[in-house]
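Predicted, not measured: the structure shown is a model, and the values here were computed from it. For the single chain, residues carry numbers from 1 onward in sequence order.
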Amino acid sequence: MKKPTKALVTAFICALTAALAFAITGCSQQGESAQEVQEGDQTPDTQFVTDVHGRSELLPIDVTSAATVGDATRYVAYVGGQDKLTGVTDVDKQSSLSRPYTVAFEETFSNLTSVSKGSSFEDVNTEELKNLAPDVILATFTSDECDKLQEQTQIPVIALSDEDEVFADAIYESIACAGKVLGCQDKAQELTGKMDAWAAELNERVQNWKMENEGASPTVYLANMDPDAEGSWTSTFAGYAPAESAGVLNVADELGVSGNTEVTLDQIAQWDPQFIFASTTDYGILRQDYQENQELFSQIQAVQGEDIYTQPVFISNGANIDTGLCEAFFIASVAYEDEFEDWDMEGKYKEIYEAFLGGYDFYGTMRAQSVEFWKFPPL
């Protein structure tokens, strides 16, 4: 994950334009390769593809089969290449609302061969990969791990990003790279184009509000954002990409750390955020902790103003880019309410999920399971 910043959406909108340009040309530009690639090996039916680590690999132009390890499967789903998959991880085969792509393509993934018990390099079943012998392996591992996996299997390995980001260059590059590898360039370009449009929409509303409020940034606290952590209100997340994309000030960013971290209730009260956003993973423990510490909670602006909200999980076996985008719009619509009062927010969430999931109405599915972007139930 990149180092957290408090830069406004304006600061990275220019970077998005550059990233879109990369997406349009695909990921075939040659950089410093981690592999010794022989130009003489290329034929009319093959192409060199450079991944996010700058590793150039020779692949068939028409890839007919692929396997994924780490959390690369979501990128394949995003560009519409799921029908070329022959192997995925055990995590991908388990449908979960915390990973929208597994719900949208449950029937496809559940019937594929498992090539890894989990999302780490150590979980990979190299023998199963060699038995499947796909044209390519897509992975979200380090450069060294990708090299090692390629050596063990003798199958080209293409690295995609494992960053917990939304609009970062590496996300754009990974979408473009997956599209090029799987012959889904048109879908990849369409998706990154929509991402640029959403960033511009978000930026316009945020900047309108900031101009009218002397550049101020609403303060937010993010609670219980890690589905694998057992924390409650005191479990927070610094450098949270959807909050950065919404142009708000995540009070935990001052800690100088990145990712999930623990703080105290006293620290939250000291920060006194205007808004609190909590994940929907465990209402019970959040209610219990609130009831046991009502006096302390009553000192916080967000509690006094009943500005506590819930949202789905952004990070679960990697970052759900679709959910992250929806969260950015949701956080902005709460923090800059007047700027979004004429918006159909439900329509926006539906639009984003369908764009990433091949038209599947994931928003409708999660709402049916009482998972939503809304105010926190009464404590």
Query - No-hydrogen, no-angle side-chain donor-acceptor test under 3.5 Å, D71 and T140 - result: yes

Requested in this report: Would you name the heavy atoms of S217 and G247 that are closest together and state the gap between them?
Outcome: OG-O, 3.7 Å

Query raised in the report: Taking all non-hydrogen atoms of both residues, which atom of S333 and which atom of Y349 are closest, and how far apart?
Result: OG-OH, 4.5 Å

Query raised in the report: When you check the side-chain N and O atoms of E262 and T234, is any donor under 3.5 Å from an acceptor?
Result: yes

Report task. Determine whether V263 and Y221 make a side-chain contact, defined as any pair of heavy atoms from C-beta on separated by less than 4.5 Å. Result -> yes

Query raised in the report: Would you say L97 and P312 make side-chain contact, with heavy atoms under 4.5 Å?
Result: no

Query raised in the report: Distance only, no hydrogens: is a donor on one side chain within 3.5 Å (strictly under) of an acceptor on the other, for S232 and Y290?
Result: no

Query raised in the report: Taking the six-membered ring for Trp, are Y353 and Y363 parallel (under 30°), tilted (30 to 60°) or perpendicular (over 60°)?
Result: parallel

Requested in this report: Indicate yes or no: at least one non-hydrogen side-chain atom of W374 is less than 4.5 angstrom from one of Y309.
Outcome: no

Query raised in the report: Under 6.0 Å between the ring centres of F277 and F376?
Result: no

Query - Qualifying residue for side chain to side chain donor-acceptor pair (under 3.5 Å) with S114, from D92, N125, D90 - result: D90

Query raised in the report: For C146 and A159, which heavy atoms make the closest approach, and how far apart are they?
Result: SG-CB, 3.7 Å

**Report entry** Contact check, side chains of N250 and L222, non-hydrogen atoms, under 4.5 Å
**Finding:** yes

Report summary line: When V313, I321, D322 are each screened for side chain to side chain contact (heavy atoms under 4.5 Å, CB included) with P100, the one that passes is D322

Query - E306, CD atom: more than 12 neighbouring heavy atoms under 6.0 Å - result: no

Query raised in the report: With no hydrogens and no angle check, do the side chains of Q150 and E57 hold a donor and an acceptor under 3.5 Å apart?
Result: yes

**Report entry** Shortest non-hydrogen contact from P134 toward I155
**Finding:** O-CG2, 3.4 Å

Query raised in the report: Does one side chain, of Q274 or Q301, offer a donor that lies under 3.5 Å from an acceptor on the other?
Result: no

Query raised in the report: Taking atom CD of Q291 as the centre, does the number of heavy atoms from other residues, nucleotides or ligands within less than 6.0 Å exceed 12?
Result: yes

Query - Flag side-chain contact, heavy atom, 4.5 Å: T310 against P377 - result: yes

Requested in this report: Please work out which of the three classes, parallel, tilted or perpendicular, describes the rings of Y75 and Y78, given edges at 30° and 60°.
Outcome: perpendicular

